[in-house]
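Everything below concerns the one structure shown next.
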Amino acid sequence: MNFVLFDDERYFQFLPLTYTRPLASLRCGIWTMQEKWEQITTQSVSFSSMGYLKEKFPLLTASDNIFINSALFPTNDLFEKILQLKAGESLQHNQTLLAARISQEVALDFSIPNILTNTQLIQYDKEVLMLNKLWDLFSLNDTAIRADFERITKGRVSAPLSITNTVIGRDIFVEEGAKVEASILNAETGPIYIGKDAEIMEGSMIRGPFSMGDHSVVKMGAKIYGATTLGPGCKVGGEINNVLFYANSNKAHDGFIGNAVLGEWCNIGADTNNSNLKNNYEEVKLWNEYKGSFEKTGLQFCGLIMADHSKCGINTMFNTGTVVGVSCNIYGAGFPRNFVPSFSWGSAAGFTEYTLAKAVQTAHNVFKRRNIAFDVIEESIFKHVFQLTEQQRSK
């Protein structure tokens with residue numbers, strides 16, 4: 001059986017994070033959506049997403065394929081129903097396509113309208129959990145960490161914790177090679193997962209639910225509240241509350257980040273802060289790139305969404321509900337506007353275009369520090385996103 005994760009219209013609701021990845025590569029909880037499905041299918045999955053992403057995230061087909069909605073969180077019952085599908089059948093919840101079992105010919109020309117028209121629809125009546133809006137990533141992170149923690153630790157024994165730590169609660173799992181010294185870990189509020197070769201430096205205070213990926217680092221004296229996720233290779237310090245850091249992003253110094261999502265290869269300057277609550281306690285609105293307007297979130301707490309490769313200088317201040325696009329460079333005094341288009345360079349005083357050549361060179365330099373090549377595939381995605389967002393920067 002060949003499994004493929006397909007993007008539906010929800011892909012556009014997660015811009016600017018999905019400019020550089022399919023929806024399946026969004027992280028919520030310990031794992032990305034891709035990793036959640038690979039865990040339950042026990043095999044690799046591929047992607048059906050935007051054309052310009054296919055070189056990095058290829059579509060692999062076979063004679064017999066099951067396509068699964070990328071926004072869908074897996075459960076054992078749901079997966080069982082998906083496996084029961086026969087060729088030419090699809091699984092639907094209300095008006096949403098959840099999965100379909102299709103031939104290679106149909107898979108190579110996959111479209112949701114075609115599937116809905118030409119397959120036998122079977123209704124799934126139980127509740128499903130799906131990603132629908134940008135803010136779901138941090139709003140659902142508590143639930144997702146708990147579910148992932150249960151799966152990743154089932155039947156396994158944690159590596160021991162050093163006696164220099166103060167431990168509260170039981171749901172703490174430490175992978176081999178991780179270092180944790182002279183810190184306070186409170187798992188009474190939710191589980192704590194510490195990945196391979198990760199490090200929590202002395203004096204840190206962490207309340208679950210909390211997850212840190214392989215080779216990630218919590219700096220000395222950090223204060224971290226759940227539900228927070230550090231992807232692989234991240235370095236964080238200061239005060240953090242309900243934040244998802246994707247891979248290889250840094251907030252290594254003091255400052256507060258809360259109710260936020262930071263993509264890959266982001267860097268937050270020292271003493272940077274984001275507001276996550278309006279002074280009048282009103283509902284926060286967030287920029288929707290697909291609609292080109294602000295929309296209500298239904299949330300009182302909503303901070304910063306920052307897409308891949310964006311960075312800010314020391315003492316940067318982000319207002320409540322700010323969205324920053326791909327490869328931005330932000331600095332200076334005052335609050336920048338609540339939406340910063342991709343490839344922007346500047347401050348609250350104004351922005352200019354971050355030229356593609358300079359942005360690519362910076363990405364090369366950043367990758368080189370981690371001994372990774374910024375190759376022609378990565379550069380091609382950069383060029384495509386630069387073109388897609390050109391009109392935003394001209395306004």
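We number each residue from 1, following the sequence as shown.
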*asked:* Measuring only between side-chain heavy atoms, which start at C-beta, is Trp31 closer than 4.5 Å to Ile152?
replied: yes
Would you list the atom pairs, donor with acceptor, under 3.5 Å between side chains in residues 105-112 and any protein atom, with sequence neighbours excluded?
| unit_1 | atom_1 | unit_2 | atom_2 | d |
| --- | --- | --- | --- | --- |
| Ser111 | OG | Asn114 | N | 3.3 |

Please verify the inter-ring angle class for Phe382 with Phe343; under 30° counts as parallel, over 60° as perpendicular, anything in between as tilted.
perpendicular
Would you check if there is a donor-acceptor pair between the side chains of Tyr331 and Trp345 at a distance under 3.5 Å?
yes
Taking atom NZ as the centre, does Lys81 end up with more than 12 heavy-atom neighbours from other residues, nucleotides or ligands that are less than 6.0 angstrom away?
yes
Output for pair (Ser103 OG, Asp64 CG), nearest 0.5 Å, gives 9.0 Å
One should read off an interatomic distance between Trp37 CH2 and Leu5 CG, to the nearest 0.5 angstrom, of 8.0 Å
message = Looking at Ser275, is its backbone amide N or carbonyl O close enough to the side chain of Asn319 to form a donor-acceptor pair, meaning the two atoms are under 3.5 Å apart?
response = no
Side-chain contact test, heavy atoms from C-beta onward, threshold under 4.5 Å: evaluate it for Ile224 versus Val243 and give yes or no.
no
(message) Tell me whether the rings of Trp287 and Phe339 are parallel (<30°), tilted (30 to 60°) or perpendicular (>60°).
(response) parallel
* From CA spacing to verdict: side-chain contact (heavy atoms from CB on, under 4.5 Å), Met212, Glu199 -> CA-CA 9 Å; Met212 59 189 304; Glu199 182 177 9; 5.9 Å; no
Pairwise side-chain contact, Pro232 with His215, heavy-atom cut-off 4.5 Å (strictly under): no
Notebook entry, point to check: So, Asn288 and Gln13: side-chain donor and acceptor under 3.5 Å apart, yes or no?
Noted result: yes
Going by heavy atoms in the side chains, are Glu264 and Arg21 under 4.5 Å from each other?
-> yes
The reported gap from CD1 in Ile122 to NE2 in His93 (rounded to nearest 0.5 angstrom) is 15.5 Å
Q. So, do Gln84 and Leu91 sit near enough that their side-chain heavy atoms are less than 4.5 Å apart?
A. no
Side chain to side chain contact (heavy atoms under 4.5 Å, CB included) test vs Thr228 passes for just one of Ile240, Ile206, Asp142, Val236, namely Ile240
Taking atom types as modelled, find out whether Gln361 and Asn365 have a side-chain donor-acceptor pair closer than 3.5 angstrom.
-> yes
Requested in this report: Tell me, please, whether Phe245 has Arg27 positioned over its six-membered ring: NZ or CZ under 6.0 Å from the ring centre and within 45 degrees of its axis?
Outcome: no
Are Asn276 and Phe301 close enough that some pair of their side-chain heavy atoms sits under 4.5 Å apart? yes
Q) Is the side chain of Arg393 donor-acceptor paired with the backbone N or O of Phe386 at a distance under 3.5 Å, no angle test? A) yes
Those residues at least two apart in sequence (or on a different chain) that pass salt bridge (charged side-chain N to carboxylate O under 4.0 Å, His left out) with Glu175 are Arg156
| request: Output yes when a side-chain donor or acceptor of Asn315 lies under 3.5 Å from a complementary backbone atom of Gly313, and no otherwise. | output: no
message: Any non-hydrogen side-chain atom of Ser344 less than 4.5 Å from a side-chain atom of Cys328?
response: yes
Query - Min side-chain heavy-atom separation Leu53-Phe47 under 4.5 Å - result: no
dist Leu59:CG -> Ser49:OG (nearest 0.5 Å) comes out at 10.5 Å
*asked:* Run Asp271 and Ile314 through side-chain contact (heavy atoms from CB on, under 4.5 Å) and show every step you take.
replied: CA-CA 6 Å; Asp271 290 321; Ile314 62 171; 5.9 Å; no
Could you tell me if Thr229 and Asn141 have a donor-acceptor pair between their side chains, going purely by distance under 3.5 Å? yes
Is the backbone N or O of Glu38 less than 3.5 Å from a side-chain atom of Lys36, with the two atoms forming a donor-acceptor pair by type? no
Q.
Students often mix this up, so state it plainly: with edges at 30° and 60°, are the rings of Phe374 and Phe367 parallel, tilted or perpendicular?
A. perpendicular
Give a yes or no on this: more than 12 heavy atoms of other residues, nucleotides or ligands lie within 6.0 Å of atom CZ of Arg207.
no
When you measure from the side chain of Lys311 to the backbone of Ile268, do you find a donor-acceptor pair of N or O atoms at a distance under 3.5 Å?
no
**Asked** Quick one: do the Arg369 and Asn248 side chains pair a donor with an acceptor below 3.5 Å?
**Response** no
Item checked: Between Tyr19 and Thr389: side-chain donor-acceptor atoms closer than 3.5 Å -> no
When rounded to the nearest 0.5 Å, the distance separating CD1 of Ile194 from OG of Ser211 is 9.5 Å
Would a distance-only check, ignoring hydrogens and angles, find a side-chain to backbone donor-acceptor pair under 3.5 Å from Asn186 to Glu188? yes
Problem set entry | Check: Ala71 main-chain N/O paired with Asn69 side-chain donor or acceptor under 3.5 Å | yes
>> If we ignore hydrogens and angles and just use 3.5 Å, is the side chain of Ser327 paired with the main-chain N or O of Ser310 as donor and acceptor?
In response: no
> Taking Ser380 for the side chain and Val376 for the main chain, is one N or O donor matched with an acceptor at less than 3.5 Å?
Replying inline: no
Once the angle between the rings of Tyr290 and Phe12 is folded into 0 to 90°, is it parallel (under 30°), tilted (30 to 60°) or perpendicular (over 60°)? parallel
Problem set entry | Criterion side-chain contact (heavy atoms from CB on, under 4.5 Å) on Val366 and Asn267, from CA distance to verdict | CA-CA 10 Å; Val366 170; Asn267 191 72; over 6 Å; no
Closest non-hydrogen atoms of Pro209 and Ile145, given as atom of the first, atom of the second and distance, are CB-CG2, 3.7 Å
Contacts of Lys154 meeting salt bridge (charged side-chain N to carboxylate O under 4.0 Å, His left out) (sequence neighbours excluded), chain-then-number -> none
Is the backbone of Lys196 close enough, under 3.5 Å, to the side chain of Asp214 for a donor and an acceptor to pair up by distance?
-> yes
In this structure, NZ of Lys133 is separated from CG of Leu140 (nearest 0.5 Å) by 13.5 Å
Would Arg10 and Asp136 count as a side-chain contact (heavy atoms from CB on, under 4.5 Å) here? Give the steps. CA-CA 12 Å; Arg10 288 169 181 78; Asp136 285 345; over 6 Å; no
